[in-house]
Amino acid sequence: MIELIEETAEATSIVLDLPDRQRHRAGQHVDVRLTAEDGYEAQRSYSIASAPEDAYLVLTVERLDDGEVSPYLVDTLRPGDELELRGPIGGYFVWEEVLGGPLLLVAGGSGVVPLRAMLRHHQAVGSTIPVRLLYSVKSLDDVIYRDELMGMAADDEIDVRLTLTREQPEGWRGYARRIDQELLADVAWPPSEGPLTYVCGPTSFVEVAANALVGLGHDPGRIRTERFGPTGG
Amino acid sequence: MSPLSRAFRGRRRSDADPARIPPGQYVTDDFPVLSAGPTPHRPLETWSFTIQGSIDEPVSWTWEQLQALPSETITTDIHCVTKWSKLDTVWTGVSLDTLLDDVETSAEYVTAFSDGGYTTNLPLEDATGGKAWIAYAFDGEPLAPEHGGPARLLVPHLYFWKSAKWVRGLELRNEDEPGFWESYGYHNYGDPWREQRYAGD
Ligand SMILES: Cc1cc2nc3c(=O)[nH]c(=O)nc-3n(C[C@H](O)[C@H](O)[C@H](O)COP(=O)(O)OP(=O)(O)OC[C@H]3O[C@@H](n4cnc5c(N)ncnc54)[C@H](O)[C@@H]3O)c2cc1C
């Protein structure tokens with residue numbers, strides 16, 4: 001591990017220099033294994049936040065206060081420490097230019113991580129496929145990769161929309177509620193354009209977003225989902 | 001040998017019997033969800049379960065016909081490839097032995113198929129002999145759609161992706177063919193005790 005980047009109060013990016021790095025595909029994850037002195041092990045999955053073209057492999061981990069692995073990765077791990085990884089894993093929740101678009105990315109909280117890899121990949125290959133990112137998060141301070149996403153939004157092909165579900169800054173003119181069918185109808189490409197959609201976040205978020213898209217008439221076969229965890233956020 | 005993680009002690013919160021936890025798994029009381037796409041919502045009136053493939057005539061059951069078959073209540077541990085295990089889960093459903101009872105076949109493999117296009121493959125041996133069920137209730141309640149309702153396959157001795165959600169039937173096959181996750185890098189067989197998570201394990 002070579003560097004830690006504090007993205008928000010709860011989320012930190014871990015920059016890794018891997019000995020024999022295998023090229024990954026945007027959207028894939030790795031399995032992280034921690035081993036205690038007495039041999040006890042804990043494993044969790046983390047999405048790859050970097051594009052395949054990036055110099056290093058980056059994970060972004062959100063601290064769950066009562067969690068076993070995420071507080072260790074966010075608070076205890078230090079540059080120079082070694083981390084045991086397995087991967088890259090997963091062949092379905094990936095986006096590559098040949099899969100086409102238009103692309104709709106829907107993120108809840110740390111669910112933005114694999115979608116950010118897709119956006120970085122999109123930029124790295126100079127894709128002209130139009131992309132919309134809808135990102136649901138508690139407050140502006142909880143937006144991971146905030147500056148980078150705002151920078152990407154300047155790109156003609158990339159449109160970034162936020163919904164701030166708990167706390168909005170004064171004068172906020174964006175969305176200010178949890179994701180629902182109406183909000184998705186507003187943001188999503190019309191079903192007739194056949195968008196390719198990736199939804200990622202806590203399980204309950206993914207359920208609501210994917211069900212709403214199907215309700216709007218989107219082809220379920222073009223909606224790919226990744227569910228991060230059991231509880232809502 | 002795994003490298004040690006400096007200053008990692010772990011939680012070990014569970015007082016579960018370690019002999020019941022396959023390698024690399026941890027015990028949770030939640031019921032996480034692994035699915036590749038949106039959750040299908042299938043009305044019971046249009047639901048049916050079909051056994052087809054290497055069989056003279058396909059056989060089908062409507063929802064009512066399935067409910068009328070002898071059911072079993074099973075208490076079992078389940079193990080998901082995303083590392084969680086859930087102990088003593090209680091399911092109600094029909095044993096595949098009951099459904100396959102009158103079926104004459106030379107097939108050695110089955111592919112379960114589901115609403116939403118999901119498939120998963122397993123040896124017929126693993127689907128018979130009191131090892132697999134079509135489950136329609138969890139904890140005595142109808143199975144929720146996000147957990148695979150109205151009915152899912154239950155094959156608890158393999159990683160839980162083999163327990164196809166929203167199952168609609170079985171294709172009997174003479175040759176093995178990888179299902180959905182199996183073609184995306186997951187292990188073809190998926191034995192949690194041998195930690196067969198990904199292809200090559
Ligand atoms: C394919 C995949 C990719 C993932 N990618 C990322 C990623 O890029 N960044 C990231 O931060 N996490 C990611 N996760 C989630 C991650 O694997 C862990 O589940 C998470 O870090 C919690 O682990 P823990 O050991 O800290 O908590 P645990 O000790 O496992 O759990 C502590 C408590 O938190 C609850 N909980 C567990 N997971 C979640 C969750 N995701 N949301 C809310 N509550 C939860 C548990 O029910 C429990 O009550 C991913 C999960 C999967 C399956």
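Chain naming here is simple, since letters A, B, ... match the order of the sequence lines and numbering starts at 1 in each.
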| said: Under 4.0 Å between a side-chain nitrogen and a carboxylate oxygen: does that hold for A/E10 and A/K138? | reply: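 Not counted as a salt bridge, because no side-chain N and carboxylate O are separated by less than 4.0 Å.
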| field | Sidechain N-carboxylate O distance under 4.0 Å for B/K86, B/D77 | value |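 No salt bridge links B/K86 with B/D77.
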Which atoms of [X] are under 4.5 Å from chain B, going by heavy atoms: the side chain, the backbone, both sets, or neither?
X: A/H29; value: side chain
X: A/E207; value: side chain
X: A/L77; value: backbone
X: A/L34; value: both
X: A/R222; value: neither

| query | How close do B/V167 and B/A112 get, heavy atom to heavy atom, and via which atoms? | reply |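 Of all heavy-atom pairs spanning B/V167 and B/A112, the closest is CG2-CB, 4.2 Å.
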Looking at [options], which makes the most heavy-atom pairs under 4.5 Å with chain B?
options: A/V206, A/N211, A/V214; result: A/N211
options: A/L213, A/D81, A/V199; result: A/D81
options: A/E226, A/R86, A/E37; result: A/R86

| message | Set out, in order, the CA-CA distance, both residues' side-chain angles and the distance that settles salt bridge (Lys or Arg N to Asp or Glu O under 4.0 Å) for A/D180 and A/R177, then state yes or no. | response | CA-CA 8 Å; A/D180 55 29; A/R177 62 177 196 272; 2.8 Å; yes
Under the 6.0 Å and 45° cation-pi test, does [X] pair with [Y]?
X: A/R25; Y: A/W95; value: no
X: A/R224; Y: A/Y92; value: yes
X: A/R44; Y: B/Y26; value: yes

| message | For the interface with chain A, which of B/G117, B/S35, B/G185 has the highest count of heavy-atom pairs at distances below 4.5 Å? | response |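 Counting heavy-atom pairs under 4.5 Å, the top option is B/S35.
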